[in-house]
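What follows is a set of notes on a single structure, which appears directly below.
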Amino acid sequence: MARTSAAAPPRVQDNALLAALPRAELAAISEELEPAELILGRALYESGGEQRYVYFPTTGVVSLLYVLENGSSTELAVTGREGVVGISLFMGGETTPSRAVVQIAGAPGACERGR
């Protein structure tokens, strides 16, 4: 996601996971965070596709879907302001078998570019 110049910086305290970090750890990653708007229906990443960002929603909801061979899908998880989307980047992976889709639109939340 490209940084949106008109978007206000994300309020990290609006994401429960970021708000729970010790100050020193939050300070270490805060410069890497940028706003990313959650637009209804947008796929944040596709099954098997490269993941470039980790998302910390502050509003809105993202569903993780497992895509079956026949093209149908099943919902694995739902993440909102309490968590993170794109955890496989933390675990060293660049792809995942799931698809992340915005189910409820949200104001710009924190987004960190993957390494």
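- Residue Met91 belongs to no hydrophobic cluster, having no ILVMFWY side-chain heavy atom closer than 4.5 Å to its own.
- Expressed to the nearest 0.5 Å, how far OH of Tyr55 lies from CG of Leu89 amounts to 10.0 Å.
- Transitive grouping of hydrophobic side chains (ILVMFWY, heavy atoms separated by less than 4.5 Å) brings Val54 and Leu33 into a common cluster.
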Tabulate below the donor-acceptor pairs under 3.5 Å that side-chain atoms of residues 75-83 make, not counting sequence neighbours, or state none.
residue : atom : partner : partner atom : Å
Glu75   : OE2  : Ser63   : OG           : 2.5
Arg81   : NE   : Asp14   : O            : 3.0
Arg81   : NH2  : Asp14   : O            : 3.3
Glu82   : OE1  : Gly80   : N            : 3.2
Glu82   : OE2  : Gly80   : N            : 3.0

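- Judged purely by atom type and a 3.5 angstrom limit, Ser98 has no side-chain atom pairing as donor or acceptor with the backbone of Tyr66.
- Under the side chain to side chain donor-acceptor pair (under 3.5 Å) criterion, Ser88 pairs with Gln51, sequence neighbours left out.
- With rounding to the nearest 0.5 Å, the separation of OG1 in Thr96 from CD1 in Ile87 is 11.0 Å.
- The side-chain heavy atoms of Tyr53 and Leu44, taken from C-beta on, include no pair separated by under 4.5 Å.
- Both Leu26 and Val84 are part of a single hydrophobic cluster, where members link through side-chain heavy atoms under 4.5 Å apart.
- Counting only distance, with no hydrogens or angles, the side chain of Asn15 and the backbone of Thr58 share no donor-acceptor pair below 3.5 Å.
- In this structure, the side chain to side chain donor-acceptor pair (under 3.5 Å) partners of Ser72, at least two apart in sequence or on a different chain, are Asn70.
- In terms of hydrophobic clustering, with Ile, Leu, Val, Met, Phe, Trp and Tyr side chains grouped at heavy-atom distances under 4.5 Å, Tyr45 and Val101 are assigned to different clusters.
- Hydrophobic cluster membership of Val67, counting Ile, Leu, Val, Met, Phe, Trp and Tyr whose side-chain heavy atoms lie under 4.5 Å apart directly or via other members: none, as it forms a cluster of its own.
- Applying the side chain to side chain donor-acceptor pair (under 3.5 Å) criterion to Glu25, with sequence neighbours excluded, gives no partner residue.
- For the pair Leu64 and Val85, the minimum side-chain heavy-atom distance is below 4.5 Å.
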